[in-house]
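Read through the structure below, which is laid out as structure tokens, and then see the notes.
All values below were derived from every heavy atom in this structure, side-chain atoms included, with hydrogens, water molecules and symmetry-related copies excluded. Letters A, B, ... are given to chains in the order of the sequence lines, protein chains preceding strands, and every chain is numbered from 1.
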Amino acid sequence: MAEITYREALNQALSEEISRDSNVVLMGEEVAQFKGSYKVSEGLLEKFGSERIIDTPISEAAFSGLAVGAAMMGMRPVVEFMFWSFSYVAFDQIFNNAASVRYMSGGLVNVPIVFRGPANGGTNVGATHSHTPENFAANTPGLKVICPSTPADAKGMLKAAIRDNDPVCIMENTILYNLKGEVPEDEDFIIPLGKARVACEGNDLSIIAHGRSVQVALQVAETLQEKHGVSVEVLDLRSIRPLDLEAILETVRKTNRVLLVEENKPFCGVDAQIAFLIQEHAFDHLDAPVKRISAIDVPQAYSKALENFQIPNHDRVLAKAMELL
Amino acid sequence: MESIYHDADIQKGDSSTKASTTVVPLPNETDFSTDSINHSLEAEEKIRFFSQMLRIRRFEERSLRAYQQGHIGGFLHLYIGQEAVAVGSVSVMSQDDHVITAYRDHGHAIAVGMEMDECMAELYGKKTGCSKGKGGSMHFFAPDKNFWGGHGIVGGQTPLGLGMAYALKTKGTKGACLCFMGDGATNQGSFYESLNLASLWNLPVIYVIENNGYSMGTAESRHSAGEPLARRGEAFDIDWSVHQGHDLYEVRSAIHKALSRARENSRPSVLEIVTYRYRGHSVADPDQTYRSKEEIEEYKQNKDPINLFRDKLLKEGVLTDDKIQALDKAAKDEAEASAEFALASPFPDVSELMDDVYWETDNPEEKSSSGTIFFESSR
Ligand SMILES: Cc1ncc(C[n+]2csc(CCOP(=O)(O)OP(=O)(O)O)c2C)c(N)n1
Ligand SMILES: [Mg+2]
């Protein structure tokens with residue numbers, strides 16, 4: 001296994017799937033000549049040519065809808081959003097068309113498409129560039145939603161998403177693009193959607209997180225172990241819809257205390273649903289009420305001083321964890 | 001000759017006191033029957049087109065009655081008055097050409113060959129409907145007939161049609177996508193994004209603006225700057241033209257030309273086809289607030305696509321009065337039978353509510369993901 005970055009892992013997944021299946025194409029703004037705004041598609045244009053790696057104008061509604069139409073006819077497009085925040089001008093195409101066509105056609109029409117791009121805060125780009133719409137997408141039956149947090153997951157889950165026959169939304173993270181990790185080179189390395197991952201084992205408290213919050217949770221787990229001798233289990237959800245409810249319940253039954261961490265805003269955020277599921281299915285296993293840390297409930301702030309506090313950071317998560325112990 | 005249009009159904013509301021101010025132009029004098037695409041038509045083909053238009057009209061009249069009887073819910077956007085556009089367009093398509101349209105989709109559905117039974121049953125919300133009762137009036141689909149819906153968001157289908165053209169081109173199929181839309185839909189931004197891409201990437205898509213003069217209750221003059229609407233294609237170097245939708249021959253000529261352009265040069269087109277809807281925007285429509293009864297009457301009398309085509313075929317000696325009566329009776333009987341079929345069909349069972357959402361949950365033997373995908377709070 002080689003150690004590569006999250007960005008390289010995505011690149012490998014794209015490259016392998018584009019060469020495996022002639023129906024797969026990558027399209028989006030700056031994906032070809034510019035090599036991707038975050039260099040995720042570096043080298044792909046040279047390898048596959050401009051018919052498969054396609055630069056689009058700044059027309060999210062049109063190129064998203066175009067890809068949905070092509071998927072309805074059997075292609076398997078991967079649409080890159082420079083930021084998921086920009087998908088908001090293509091909302092109709094994702095939420096009315098990609099998500100609903102199969103149902104409205106009584107199952108006659110499939111939409112095997114991937115929408116991907118970064119959806120995160122923490123980079124001081126202000127409110128219009130920092131949305132985390134995994135809750136919107138997961139609130140929409142017909143869509144699948146995943147938030148890989150490691151290079152291996154980025155590769156294995158993107159490959160699974162491309163092979164999936166349903167629309168999949170992948171929420172990546174610009175801060176994770178440089179994260180390094182071991183990634184299998186096997187061309188059929190797939191991480192099935194809907195499988196959570198125990199990122200570290202522990203007995204006293206479960207922290208359930210997704211996306212970059214998993215990395216924050218791991219740091220907090222380390223602090224708690226070192227400074228307080230508390231053993232924390234970190235569960236990385238990986239996939240929001242489908243959701244690995246069993247893994248969630250298992251860790252709750254093991255530690256009996258839960259802290260949920262996400263970068264989503266709190267109201268109707270992903271973890272609101274997770275908390276509901278825990279109380280519904282594992283109420284008797286809880287020794288304390290479920291606690292939760294999300295991004296602070298205001299539009300994303302620009303200033304480092306504000307934003308670093310706004311998104312769940314080590315200290316905020318640690319303080320909330322202490323309340324549970 | 002008695003008009004083929006008749007008010008079997010009742011439009012609520014008192015007769016208009018408003019005087020008609022609209023000048024309805026008289027039918028176009030240009031004779032498109034001599035165009036090669038029309039000149040070569042066999043008598044049976046002409047009769048089939050006539051009968052298709054009649055079938056659409058009788059189907060919709062029957063559906064309106066079913067609506068008034070309470071069998072159909074929600075919206076019911078009738079195509080009555082516009083039939084020559086769908087029938088004429090589909091009549092020049094090859095097996096590699098595809099169709100996508102908006103919510104006023106019954107005409108296109110029947111024109112591509114969908115059965116009245118499955119369409120009526122869908123309107124009734126029945127399990128035997130084309131979408132198993134999950135799509136409704138606005139969302140008919142028949143991918144096996146190259147018909148990709150039925151789309152409820154105004155303009156939302158314009159990028160999809162573009163994608164179909166893109167897929168055809170990418171796969172090396174010599175086909176095109178006919179993307180139908182209303183005059184009101186031309187004011188959606190995604191349409192312009194689509195026009196830009198269609199031209200930039202040389203995609204074989206044909207945007208057919210069915211200009212029936214109104215976007216719900218808003219007349220074209222109140223919703224759009226710059227006439228004609230099709231000219232908007234010019235900014236993107238797209239060939240555009242305006243045609244009369246009451247003449248089936250003219251529709252055929254126009255669509256045929258655009259299809260050739262798409263097939264031979266892989267170039268898009270914007271066609272504006274001027275037409276008129278007799279019925280309200282949907283069934284619950286305060287018709288008299290935005291147009292006069294006289295205006296509607298004038299269209300019915302002078303520009304009805306079915307009457308005009310019938311007269312042509314009578315003159316050409318292709319049809320006789322007896323044959324017309326027989327075709328009309330067949331269409332009415334078929335529509336009536338479809339209503340009976342729909343009524344007798346079962347509703348979908350609530351156990352089917354969660355089918356057809358994800359391919360994967362419908363194909364459990366090939367499922368690769370795991371985990372919970374439906375979150376009903378009652379379970
Ligand atoms: C995005 C969106 N906005 C508004 C509506 C409500 N609506 C449905 S049809 C319609 C008028 C569209 O008129 P036009 O495009 O001319 O088509 P026509 O109904 O005449 O066939 C409106 C406003 C909608 N369905 N979608
Ligand atoms: Mg209109």
Shortest non-hydrogen contact from [X] toward [Y]:
| X | Y | result |
| --- | --- | --- |
| B:L162 | A:A62 | CD2-O, 4.3 Å |
| B:L353 | A:Y103 | O-OH, 2.6 Å |
| A:K195 | B:S370 | CG-OG, 3.4 Å |
| A:Q93 | B:L160 | OE1-CD2, 3.7 Å |
| B:L197 | A:P57 | CD2-CD, 3.4 Å |
| A:E60 | B:E193 | N-OE1, 3.8 Å |

Rounded to the nearest 0.5 Å, what's the gap from [atom1] on [X] to [atom2] on [Y]? Could you check?
| X | Y | atom1 | atom2 | result |
| --- | --- | --- | --- | --- |
| A:S100 | B:H151 | OG | NE2 | 10.5 Å |
| B:L195 | A:S59 | CG | OG | 11.0 Å |
| B:I153 | A:N96 | CD1 | CG | 4.0 Å |
| B:S369 | A:D166 | OG | CG | 8.5 Å |

Can you tell me which of [options] forms the most heavy-atom pairs within a distance under 4.5 Å of chain B?
| options | value |
| --- | --- |
| A:V89, A:L277, A:L245, A:N97 | A:N97 |
| A:N23, A:L143, A:I191 | A:L143 |
| A:M104, A:M73, A:R102 | A:R102 |
| A:I240, A:D244, A:D164, A:N110 | A:N110 |
| A:G107, A:P242, A:G194 | A:P242 |
| A:E51, A:K144, A:Q273 | A:K144 |

I'd like to know which of [options] tops the heavy-atom pair count under 4.5 Å against chain A.
| options | value |
| --- | --- |
| B:C130, B:A142, B:G156 | B:G156 |
| B:S190, B:G129, B:P143, B:S194 | B:P143 |
| B:F191, B:F140, B:W201, B:Y192 | B:W201 |

Which region of A:M27, side chain (C-beta onward) or backbone (N, CA, C, O), has a non-hydrogen atom less than 4.5 Å from a non-hydrogen atom of chain B, or is it both or neither?
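Only the side chain of A:M27 comes within 4.5 Å of chain B.
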
Proximal component of A:T56, with respect to chain B [non-hydrogen, under 4.5 Å]:
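Its backbone and side chain both get close to chain B.
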
Any chance [atom1] of [X] has more than 12 other-residue heavy atoms, nucleotides or ligands included, within less than 6.0 Å?
| X | atom1 | result |
| --- | --- | --- |
| B:K367 | NZ | yes |
| B:F75 | CZ | no |
| A:E30 | CD | yes |
| A:I58 | CD1 | no |

Any donor-acceptor pair under 3.5 Å linking the side chain of A:E246 with the backbone of B:G371?
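Not confirmed, A:E246 side chain does not pair with B:G371 backbone.
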
Side chain to side chain, A:V101 and B:W148, heavy atoms closer than 4.5 Å
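Side-chain contact under 4.5 Å: no.
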
Within a strict 4.5 Å, meaning less than it, do heavy atoms of the B:N363 and A:N165 side chains meet?
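Side chain of B:N363 against side chain of A:N165, heavy atoms only: no contact under 4.5 Å found.
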
Residue [X] versus chain A: region with a heavy atom under 4.5 Å:
| X | value |
| --- | --- |
| B:F374 | both |
| B:D355 | backbone |
| B:T158 | neither |

